[in-house]
Amino acid sequence: FSAQGDLAAGGARVSHVAEPVFQILHVEDDAFIARIMNEVLGNSISPRFEVRQAESLQQGLTWLRENPVHTVLLDLNLPDSQGLATVGEVRSRFHQVPIVVLSGHDDEQLALAALKCGAQDYLVKSATDPQLIVRNIRYAMERKRAEDELAQERDLLHALLNNIPDRIYFKDASSRFVRVSRALSDRFRLPTPDQALGKTDFDFHPRADAQAFFDDEQRLLQTGEALVNKVERQTAEGGDHWASVTKVPMRDSRGRIVGLIGISRDITELRASGEERDRFVRLAENSTDFIGMAARDGRVFYLNGAARRLVGLEDRATSDLVIGDFFSPEQAEQISREVLPAVDRVGQWAGEVELRHFGTGEAIPVLYSVFRITDANGMHVAYGTVTRDFRERRRAEDDMRLLNGEHFYEIIEPLPVDGLLTARHSVTGVEDKGEGRGAIVHFEKDILDEAGKLLARVEQSNFCRGDGGCGSFGRMGK
């Protein structure tokens with residue numbers, strides 16, 4: 001296109017765009033007909049045409065291969081090609097170019113056959129009305145453009161229906177399938193999607209299920225209200241599946257509802273994953289261990305009830321917390337410097353640390369077990385921990401050391417087992433068991449308090465002194 005300008009009254013310049021020039025290829029071996037067509041199209045002002053002639057099909061194909069052409073005027077009786085095969089040859093090689101057949105025969109059947117072969121129009125050579133010829137050429141170009149757009153939409157829809165894993169279908173007002181996707185025909189165990197056409201859900205589903213689907217669809221067709229993301233259990237020859245179903249009205253050019261479009265997405269695995277997640281949550285919430293999860297950057301996004309109770313977070317939001325907040329500053333540095341890098345390298349870490357109680361500041365001894373959480377592709381996406389409160393175990397270990405004589409020996413070392421004890425030990429008496437079996441030493445409550453709560457819980461303890469003397473200690477009375 002070239003922009004031009006003219007001077008209007010008052011000297012103002014009025015701009016307009018020059019008419020486009022359409023390139024026409026006339027494939028015709030009759031010089032007389034070619035000259036007439038050249039004159040008719042050459043005299044057209046709007047639109048403007050530039051005509052090139054080829055005397056044979058091969059000359060025409062060569063010109064098309066080397067030059068842009070908007071329309072081909074094609075004779076069916078050429079020296080190297082006759083009949084409808086001529087149309088097919090041009091169409092197969094240059095499908096994007098509109099074809100107008102120029103024939104010496106006023107034959108309606110031949111005209112229809114030419115259109116079926118891919119021509120956009122059919123003209124009889126004896127009809128030399130310039131306006132008719134120009135109009136038909138313009139209509140041919142417009143039809144070709146519309147056909148190409150429809151073909152592109154058809155190809156896109158065909159590609160969508162053949163490749164998308166969702167089950168897509170179109171139904172008429174009687175809930176009969178008029179088109180289905182490959183995924184749906186596979187679900188129905190059909191060799192091709194065409195075999196579903198004209199059938200209904202009653203042909204593929206148990207009657208009770210099909211009736212429920214039919215009722216939903218008839219309600220939609222009557223009211224125009226779409227059905228969105230309805231979860232359905234679907235039973236077909238391939239077994240039971242869970243699906244998320246959306247159905248919307250299909251309308252004609254006047255806006256009337258003539259059918260429906262449906263899409264069904266298989267959520268069987270997703271539902272199973274959700275059930276697994278629910279089971280995990282129930283397990284975690286009923287566990288007495290501290291269970292938590294945090295993102296790779298340390299932000300905490302899950303704590304079970306036991307975790308919140310252990311560190312005093314029952315009534316506090318945790319979205320602003322990071323892993324380091326659960327430890328003293330010194331231990332948080334160790335977690336950041338040693339523990340998390342170890343998890344990144346080998347996948348897990350376990351050891352004894354101390355958590356911080358958010359309310360009292362108490363140091364809580366725990367067995368801290370940290371591990372990687374990965375996604376379906378094995379990528380490390382988060383940290384998880386199952387941490388056990390070690391306070392009871394620490395007390396139990398102290399009890400065991402006492403039972404093994406470690407603490408009791410420190411208390412009983414100064415005492416003569418074979419005689420009376422000094423008054424400073426507040427001993428009420430010693431019972432000689434005779435025959436070298438040692439003695440039972442009776443303490444008052446104050447000596448037990450000095451031994452601490454762990455010693456007070458001991459009911460019976462055997463001991464041996466460093467000089468070889470052995471005996472047993474018993475708690476007698478209150």
Side-chain angles (χ1 to χ4, degrees), residues 1-4 15-81 83-104 110-156:
F1 288 17
S2 61
Q4 299 178 346
S15 297
H16 62 83
V17 178
E19 284 282 346
V21 178
F22 294 104
Q23 302 297 319
I24 305 298
L25 174 63
H26 186 195
V27 185
E28 173 64 70
D29 63 332
D30 188 325
F32 177 73
I33 297 296
R35 186 174 66 253
I36 293 177
M37 194 60 62
N38 189 57
E39 290 178 358
V40 168
L41 298 179
N43 291 330
S44 175
I45 298 176
S46 178
R48 296 169 58 196
F49 299 102
E50 185 173 313
V51 183
R52 302 291 181 179
Q53 182 191 359
E55 296 182 351
S56 68
L57 178 61
Q58 288 305 315
Q59 286 184 5
L61 295 176
T62 300
W63 182 268
L64 285 167
R65 192 162 45 246
E66 298 174 355
N67 300 275
V69 172
H70 293 101
T71 301
V72 174
L73 301 180
L74 186 62
D75 184 20
L76 295 184
N77 292 294
L78 299 169
D80 54 353
S81 181
L84 295 175
T86 308
V87 179
E89 188 71 16
V90 176
R91 169 61 60 237
S92 64
R93 299 193 185 191
F94 302 97
H95 63 85
Q96 76 280 7
V97 180
I99 300 174
V100 175
V101 171
L102 286 177
S103 174
L110 181 61
L112 290 175
L115 295 178
K116 289 181 180 179
C117 287
Q120 274 64 52
D121 210 336
Y122 184 96
L123 292 177
V124 180
K125 291 180 181 181
S126 59
T128 55
D129 181 356
Q131 290 184 349
L132 176 64
I133 295 174
V134 169
R135 184 174 69 238
N136 283 9
I137 291 175
R138 294 192 66 175
Y139 286 178
M141 288 189 292
E142 187 61 27
R143 278 195 294 272
K144 182 66 172 94
R145 184 190 64 79
E147 289 173 3
D148 288 345
E149 290 179 354
L150 288 174
Q152 183 180 26
E153 292 182 4
R154 182 184 64 249
D155 292 343
L156 290 174

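- Here the side chains of Val27 and Val72 are in contact, with some heavy-atom distance below 4.5 Å.
- To the nearest 0.5 Å, atom CG of residue Leu64 and atom CZ of residue Arg93 are 10.5 Å apart.
- For Leu156, the CG atom is densely surrounded, since the number of other residues' heavy atoms within 6.0 Å is greater than 12.
- Looking at residues two or more places apart in sequence or on another chain, you find a side chain to side chain contact (heavy atoms under 4.5 Å, CB included) between Ser103 and Val101, His105, Leu110, Tyr122.
- Looking at Leu57 and Glu89, their side chains come closer than 4.5 Å, going by heavy atoms from C-beta outward.
- Of the residues Leu73, Val40, Val100, the one that meets the side chain to side chain contact (heavy atoms under 4.5 Å, CB included) test with Ile133 is Val40.
- Of all the heavy atoms in Gln120 and Lys144, the pair that sits closest is NE2-CD, 3.5 Å.
- In this structure, the side chain of Asn38 does not engage the main chain of Ala34 through any donor-acceptor pair within 3.5 Å.
- Considering CD of Gln53 and CE of Met37, their distance stands at 11.0 Å, rounded to 0.5 Å.
- Closest approach of Ile24 and Leu41 over heavy atoms only: CG2-CD1, 4.2 Å.
- Residues Ile99 and Phe94 form no side-chain contact, since every pair of their non-hydrogen atoms from C-beta on lies 4.5 Å or further apart.
- Atoms CG and OG, on Asp75 and Ser56 in that order, are 11.5 Å from each other to the nearest 0.5 Å.
- With sequence neighbours excluded, the residues forming a side chain to side chain donor-acceptor pair (under 3.5 Å) with Glu149 are Arg145, listed by chain and number.
- With rounding to the nearest 0.5 angstrom, the CG atom of Leu25 is 12.5 Å from the NE2 atom of His70.
- Taking CZ from Phe49 and CD1 from Ile137, the interatomic distance works out to 5.0 Å, rounded to the nearest 0.5 Å.
- Of all the heavy atoms in His95 and Arg91, the pair that sits closest is O-NH1, 3.0 Å.
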Verdict with supporting geometry, Trp63 and Val69, side chain to side chain contact (heavy atoms under 4.5 Å, CB included): CA-CA 9 Å; Trp63 182 268; Val69 172; 3.8 Å; yes
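- Using modelled atom types, no side-chain atom of Asn136 and backbone atom of Asp121 make a donor-acceptor pair closer than 3.5 Å.
- Rounded to the nearest 0.5 Å, atoms CZ (Arg138) and OG (Ser46) are 6.0 Å apart.
- Under a 4.0 Å N-O distance rule, the pair Glu50/Arg52 qualifies as a salt bridge.
- Smallest separation of non-hydrogen atoms from Ala119 and Val87: N-CG1, 4.1 Å.
- Summarising the geometry of Glu28 relative to His26, their closest heavy-atom pair is CB-NE2, 3.3 Å, with the distance given to 0.1 Å.
- Minimum interatomic distance between Gln58 and Asp80 (heavy atoms only, all atoms of both residues): N-OD2, 3.0 Å.
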